[in-house]
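The structure appears right after this line, and notes come after that.
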Amino acid sequence: MFSPFITDLEFLTFADYPGLIARCCFSTAAYRDEAFPLVGIDLPEHLVSAVPKRRAEYLAGRYLARQVLGELGHHNFTLLRGEDRAPLWPQGIAGAISHNTDMALCAVHRENGMGGIGIDVETRMLSKRAEALWSGIVSKEECAWLRQQPQAFDQLLTLVFSAKESLFKALYPQVRHYFDFLDARFIQLNLQQQTFELELLKTLTPQCHIGRRFTGHFLFEDDTITTMIYF
Ligand SMILES: CC(C)(COP(=O)(O)OP(=O)(O)OC[C@H]1O[C@@H](n2cnc3c(N)ncnc32)[C@H](O)[C@@H]1OP(=O)(O)O)[C@@H](O)C(=O)NCCC(=O)NCCS
C-alpha cells in the first residue's frame, strides 16, 4: 500500500532478542504527506516545518511501530512522542526506533520483568568524518584501542557510536536524563559472536551504577551497521 515510499518490510531475528523487530526501507523522494493518514496518524505539529527527510523517517518508524505493536495486541496504536522526544510506548511495552538515510527499524517487547531495549542503525562514517568526530564519541584510551584492531577505524567508530546510542535509548526510560557518549566505554568486541560490551563510567541511577556492564549485538551489512542492547 505504501510502495514506493516504504518497501522491503521484514521481521528480523537479531541474536536471541525475545521481542519483535521490524525493518523497512523508505524513500524520501517517494514520500508524500498524504502517507500520514494512510498510517492512521496526523502529521504532528512538531513536523510541520520539518524537511521531507525528517517527515519520511518519522513516518517510516511509526509505520513499523504499528506493525509490531499490532502483533503484541496494541492494534492501531498511535505512538506519540514525549517532550524529551522519546516515544510514548503503551503501558507494559518497551521499545525503540531508529532510522538512517533509507532504512527504519523498530523493536518492541512486553516488559514482564525485562528491562529496556535500544536499537540503532547507522551508515558507516567516511574516514575523514571519523577523524573529525572521534573525540566526541570515545575517550583517548578507547580510540587507541580501536586503532589497534584489524578492522578499519571508521567502521569500528561507527559501531561504537551506534552501540552508545543503543545504550542511551535502552536506559533513557529509566534514567530520564541525558548522558554523554563519554559516560560509557566500549570494553569488548567479539567479531565471531557479533557482540560487544559497554561499561558505565558514571552512576545514572541506583540500578544503572558506575561499572555496570551491558552486552550488545551488532550486524555489519555492507555500509550499514545495526546495534541492539536489551536487558
Ligand atoms: C536520541 C538519540 C540517541 C537518537 O539517535 P539518532 O542516531 O540521532 O537517531 P535514530 O534515528 O537512531 O533514533 C531516533 C529515534 O530515537 C528515539 N528517541 C529520541 N529521543 C529518545 C530518548 N530520549 N530515549 C529513547 N529514544 C529516543 C525516537 O524514536 C527517534 O525517532 P523519532 O523521532 O522518529 O521517533 C540521539 O539523538 C542523542 O541525543 N544522543 C545523545 C545521547 C547519547 O547517545 N549518549 C550516549 C550515552 S553512552
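For ligands, and for the atoms within them, numbers begin at 1 and follow the listed sequence. Nothing here was measured: the structure is a model prediction, and the numbers come from that model. Any value given below was found using the heavy atoms of this structure, including those in side chains, with hydrogens, waters and symmetry copies removed.
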Practice item. Identify whether F218 and F153 are in the same connected component of the hydrophobic contact network (ILVMFWY, side-chain heavy atoms under 4.5 Å). Key: yes
**Study point:** Option of least heavy-atom distance to atom 7 (O) of ligand 1 (set: R55, H99, E165)
**Key:** E165
Exercise for review: Taking atom CG of D222 as the centre, report whether more than 12 heavy atoms of other residues, nucleotides or ligands fall under 6.0 Å from it.
Suggested key: no
Review point. Any Lys/Arg nitrogen of E45 or R81 sitting under 4.0 Å from an Asp/Glu carboxylate oxygen of the other?
Key: no
**Study point:** Closest candidate by heavy atom, reference atom 32 (P) of ligand 1, pool R54, K202, K169, R185
**Key:** R54
Practice item. Indicate if F77 and L59 have the same hydrophobic cluster label, given that clusters are the connected sets of ILVMFWY residues with side-chain heavy-atom separations under 4.5 angstrom. Key: no
Review point. Hey, is ligand 1 close enough to F179 that some N/O pair sits below 3.5 Å?
Key: yes
Check your understanding: Any idea which part of Y172 is under 4.0 Å from ligand 1, heavy-atom wise: side chain, backbone, both or neither?
Key -> side chain
Review point. Taking distance alone, with no angle check, do R62 and ligand 1 share an N/O pair under 3.5 Å?
Key: yes
Point to revise | F161 and F181 aromatic centres sub-6.0 Å | key: yes
Exercise for review: Give the atoms of ligand 1, by number and element, whose distance to some non-hydrogen atom of E122 is under 4.0 Å.
Suggested key: 7 (O)
**Study point:** Sub-4.0 Å heavy-atom contact, E57 with ligand 1
**Key:** no
Review point. Nearest protein heavy atom to atom 18 (N) of ligand 1, by residue and atom, and its distance?
Key: R85 O, 3.9 Å
Practice item. Give the ring-plane orientation class for Y172 versus F168, where under 30° counts as parallel, over 60° as perpendicular and anything between as tilted. Key: tilted
Point to revise | Closest heavy-atom pair and its distance - L79, Y58 | key: O-OH, 4.0 Å
Review point. With atoms numbered from 1 as shown, which atoms in ligand 1 lie under 4.0 angstrom from a non-hydrogen atom of A184?
Key: 48 (S)
Check your understanding: Any non-hydrogen protein atom below 4.0 Å of atom 45 (N) of ligand 1?
Key -> yes
Practice item. Mark yes or no for whether T227, through its side chain, and S162, through its backbone, hold a donor-acceptor pair below 3.5 Å. Key: yes
Review point. Below 3.5 angstrom, do we get any N/O pair linking Y58 and ligand 1?
Key: no
Check your understanding: Among protein heavy atoms, which lies nearest atom 22 (C) of ligand 1, and at what distance?
Key -> A86 CB, 3.5 Å
Exercise for review: Provide, to 0.1 Å, the distance between atom 3 (C) of ligand 1 and the closest protein heavy atom, together with that atom's residue and name.
Suggested key: F168 CD2, 3.7 Å
Check your understanding: Under 4.0 Å from ligand 1, counting heavy atoms only, is it the side chain of D120, its backbone, both or neither?
Key -> side chain
**Study point:** Geometric class of the Y230/H217 ring pair [parallel <30°, tilted 30-60°, perpendicular >60°]
**Key:** parallel
**Study point:** Enumerated ligand 1 atoms positioned under 4.0 Å from heavy atoms of K164
**Key:** 46 (C), 47 (C), 48 (S)
Review point. Can you check whether F26 and Y31 have ring centres sitting under 6.0 Å from each other?
Key: no
Review point. When you look for heavy atoms under 4.0 Å from ligand 1, do you find them on the side chain of S98, its backbone, both, or neither?
Key: both
Point to revise | R124 bridged to D154 by N-O distance under 4.0 Å | key: yes
Revision key, fill the gap. Note: P87, heavy atoms under 4.0 Å from ligand 1, region reported as side chain
Point to revise | Numbered atoms of ligand 1 (with element) below 4.0 Å of I97, judged on heavy atoms | key: 13 (O), 15 (C), 16 (O), 29 (O)
Review point. Would you call E199 and R185 a salt bridge, taking side-chain N to carboxylate O under 4.0 Å as the test?
Key: yes
Check your understanding: Where is the nearest protein heavy atom to atom 42 (C) of ligand 1: which residue, which atom, and how far?
Key -> Y178 CE1, 3.4 Å
Review point. Is D180 touching ligand 1 with its side chain, its backbone, both, or neither, if touching means heavy atoms under 4.0 Å apart?
Key: backbone
